[in-house]
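Values reported hereafter were calculated over all heavy atoms of this structure, with side chains retained and with hydrogens, waters and symmetry mates removed. Chain naming here is simple, since letters A, B, ... match the order of the sequence lines and numbering starts at 1 in each.
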2 protein chains.
Amino acid sequence: MSRSPTPRRRATLASLAAELKVSRTTVSNAYNRPDQLSAELRERVLSTAKRLGYPGPDPVARSLRTRRAGAVGLVITEPLNYSFSDPAALDFVAGLAESCEAVGQGLLLVAVGPNRSVAEGSAAVLAAGVDGFVVYSASDDDPYLPAVMERHLPVVVVDQPRDVPGASQVRIDDRAAMRSLAEHVIDLGHREIGLLTMRLGRDWPHGPGPALADPERVRAPNFHVQCERIHGVYDAMTAAGLDPASLTLVESYEHLPTSGGAGADIALEANPRITALMCTADVLALSAMDHLRAKGIYVPGQMTVTGFDGVPEARQRGLTTVAQPGVEKGRRAGELLHNPPRSGLPVVEVLDTEVIRGRTSGPPA
Amino acid sequence: MSRSPTPRRRATLASLAAELKVSRTTVSNAYNRPDQLSAELRERVLSTAKRLGYPGPDPVARSLRTRRAGAVGLVITEPLNYSFSDPAALDFVAGLAESCEAVGQGLLLVAVGPNRSVAEGSAAVLAAGVDGFVVYSASDDDPYLPAVMERHLPVVVVDQPRDVPGASQVRIDDRAAMRSLAEHVIDLGHREIGLLTMRLGRDWPHGPGPALADPERVRAPNFHVQCERIHGVYDAMTAAGLDPASLTLVESYEHLPTSGGAGADIALEANPRITALMCTADVLALSAMDHLRAKGIYVPGQMTVTGFDGVPEARQRGLTTVAQPGVEKGRRAGELLHNPPRSGLPVVEVLDTEVIRGRTSGPPA
DNA sequence: TTGAAAGCGCTAACAG
DNA sequence: CTGTTAGCGCTTTCAA
């Protein structure tokens, strides 16, 4: 087996120093403090480094010494392949990656997820070489949160959960945003409303597919965001003199391409008089639209449909929805980690949203 | 400022050992080799660890000692926000993330990209605490490749460039795939063909927007993949007795939502008799389709359009294209890093593709 | 400008 | 089952 002229043993800063007959400090300075030695000596160091195949100070050893890892850890409990197919989550990751790149920090996707046990995932959190964590949209009893907290590193929580001690937060006002949207729907004249939402708890007491949600589950939700959005609808209904209890609430374990359509069926079966179908995510709404259309139900003529997020496809297809700044969320989360507030105290950043009145909402038939 | 009862100085394995009056080895074993000590002692170690707020062995120190970082570095030179909006790249990242998660490795997005200088990006590569790198679809003169090579770590290259010494490779047979697709188009009867492709070189000698490509640029391309696909079309043309020089070739600097449409205009202006517009990416083809339709040109009645990649939207819209296994690419790249071939020699894995005959190709008008 | 000394926090032999 | 001994490769006072 022919090998390149690499010494059998990896070159180190010490071996380089020995070769050059200078001290390790000098070599270190050549890399980290160019102003601490003559240009020519530095040149000599760098060139013999190249000759010996020395790639510069070992990142791990340096991190140990400087106590900085140069990376941010991202904890997303939802399956990654799912996150990567959810445009809203994607925007967030893109924004976070962008802000990390801007300051030369790496972004470490921590190996937590459904393919591994909670113990393994927690171990991955404890073993992550990072300077801080971003936790994205976790449930309030997320199994990895304890491990994240144990690390005693800076933490920024995005969307959920609320009330992580010591953690800064980036989110939107889900309740107010959803209320505005619901007001728009009610103003159009709708009285019988269905609401499709993601699962309200970590547990799933139903069979496969979406199911009517027990109002009980709204009261003790694991996902704060879902809950707030539901309450936003309640708020609008109450303000308009409608009975919130009349809302037909359907929860879906996850956002599959079929979830919206299946959820729509369940809602309409439970209450055939529904004229507006609100959804807590665009992907749900788009799926529902496709399904309704296939069944010959015209949107918005026979059914108003609304979403949440403002993903590109939704805008393109004219969905009435709430746009939230996904990329900006990621960016702000990163910045909060890179430039923590002077006070040292956690901050809460509430980003703006905007109701988009599209072509999928109109007066009831 | 009230503080939780955390000792001012972070607990370490040594301090824990001192507190317990056992050796450091014992504490280390409690975490790494549970079978090396009695269950009760281990319990005692773990519980006082919890009491002291010791989160377990420091990841960085452990990495230094074990020589394993527990993470894979991903180098994508294209802007991350772009990668995250390209469904094909996304599939790849999802597959890679999945394979990393399966073995408990983290995935580190290395901070290279257009917001930073080459020097900064290279520094990020040299400073990445990883056990290996995956390089995704880089040009043959990618500025970060040298830094990657310097690290002397295992490397897997995906798609491009070819011929990275010592690196394993995962790719498809772009030329054969594109040839099959072109054969389909030619079999339908098309003789005047346009081809829209991504930029052929790192440099961009044209103004903004797509432009007719100098055949010269096909000869010395920086992007092997593009070149192979073009040659696939040449192959099919030659085999069918057509003159490859008659191909109208348009290159576009990047894949913007408008690139396909603009490229189509340029191609049709250069040769109004074109009846088939092939594209080296689905996003280009979809954009072209939208644009043609807006101009009143019916697909496939008046114009055949084909893509490449087989992204969800393309399948959904019935685009005639080549499906390539994006997720599988990522997964295989990860596996190659996690379980390198026994031989120690680099391997080349060529994954399968499939021509999808959709509803956007038909006989010429 | 350069060098010597002192660890960062941990694991891996090896011995007891 | 437990402890002792040696570093992993680097940066950082502090002195020269």
Peer 1: Answer yes or no: is there an ion pair linking A:Asp91 with A:Lys329, defined by an N-O contact shorter than 4.0 Å?
Peer 2: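 No, this pair does not count.
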Peer 1: Rounding to an integer number of Å, can you tell me how far B:Leu16 CG sits from D:dG3 P?
Peer 2: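 For the pair B:Leu16 CG and D:dG3 P, the rounded distance is 13 Å.
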Peer 1: Round to a whole Å and report the spacing from CD of A:Gln36 to C1' of D:dT12.
Peer 2: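 Computing the A:Gln36:CD to D:dT12:C1' distance gives 12 Å.
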Peer 1: Starting at atom CG of B:Leu37, determine the distance to atom P of D:dG3, rounded to an integer number of angstrom.
Peer 2: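 Distance, rounded to whole Å: 10 Å.
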Peer 1: Take A:Glu98 and B:Asn115 through the side-chain contact (heavy atoms from CB on, under 4.5 Å) test and state the conclusion after the steps.
Peer 2: CA-CA 8 Å; A:Glu98 185 187 317; B:Asn115 298 326; 4.1 Å; yes
Peer 1: Side chains of A:Ser28 and A:Thr25: is there a donor and an acceptor less than 3.5 Å apart?
Peer 2: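 Note: A:Ser28 and A:Thr25 side chains miss the donor-acceptor criterion.
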Peer 1: Identify whether any heavy atom of B:Val22 sits under 4.0 Å from a base atom; if not, whether one sits that close to sugar-phosphate; answer base, sugar-phosphate or nothing.
Peer 2: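 If one applies the 4.0 Å heavy-atom cut-off, B:Val22 turns out to touch the sugar-phosphate alone, with no base involved.
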Peer 1: Only one of B:Val148, B:Val110, B:Val170, B:Val72 clears side chain to side chain contact (heavy atoms under 4.5 Å, CB included) with B:Val134; which?
Peer 2: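 Single side chain to side chain contact (heavy atoms under 4.5 Å, CB included) partner of B:Val134 among B:Val148, B:Val110, B:Val170, B:Val72: B:Val72.
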Peer 1: Once rounded to the nearest 0.5 Å, what's the spacing between atom OG1 of A:Thr48 and atom CG of A:Leu20?
Peer 2: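 Here the interatomic distance stands at 3.5 Å.
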Peer 1: If I take atom OH in residue A:Tyr31 and atom P in nucleotide D:dT11, what distance separates them, rounded to the nearest angstrom?
Peer 2: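 Result: 10 Å.
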Peer 1: Expressed in angstrom and rounded to an integer, what is the separation of A:Leu20 atom CG from C:dT1 atom C1'?
Peer 2: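 Checked: the CG to C1' distance equals 16 Å.
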Peer 1: Looking at every strand, decide which applies to B:Tyr54 at a 4.0 Å heavy-atom threshold: base, sugar-phosphate, or nothing.
Peer 2: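 Sugar-phosphate: the residue B:Tyr54, judged by heavy atoms under 4.0 Å, touches backbone atoms but no base.
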Peer 1: What is the distance from CG of A:Leu64 to P of D:dG7, rounded to the nearest Å?
Peer 2: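 My rounded result for the distance is 17 Å.
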Peer 1: Would you mind building the protein contact string for nucleotides 11-16 of chain C? One character per nucleotide, 5' to 3', B for base within reach (heavy atoms under 4.0 Å), S for sugar-phosphate only, - for untouched.
Peer 2: BBB---
Peer 1: Is any side-chain N or O of A:Thr12 closer than 4.0 Å to OP1 or OP2 of D:dG9?
Peer 2: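 Negative; the distance criterion is not met.
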Peer 1: May I have all residue pairs that pass salt bridge (charged side-chain N to carboxylate O under 4.0 Å, His left out) and include part of residues 107-127 of chain B, sequence neighbours excluded?
Peer 2: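 Residue pairs with at least one partner in residues 107-127 of chain B: B:Arg116-B:Glu120.
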Peer 1: Under 4.0 Å between a side-chain N/O of A:Arg67 and OP1 or OP2 of C:dG9, yes or no?
Peer 2: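 Yes, such a contact exists.
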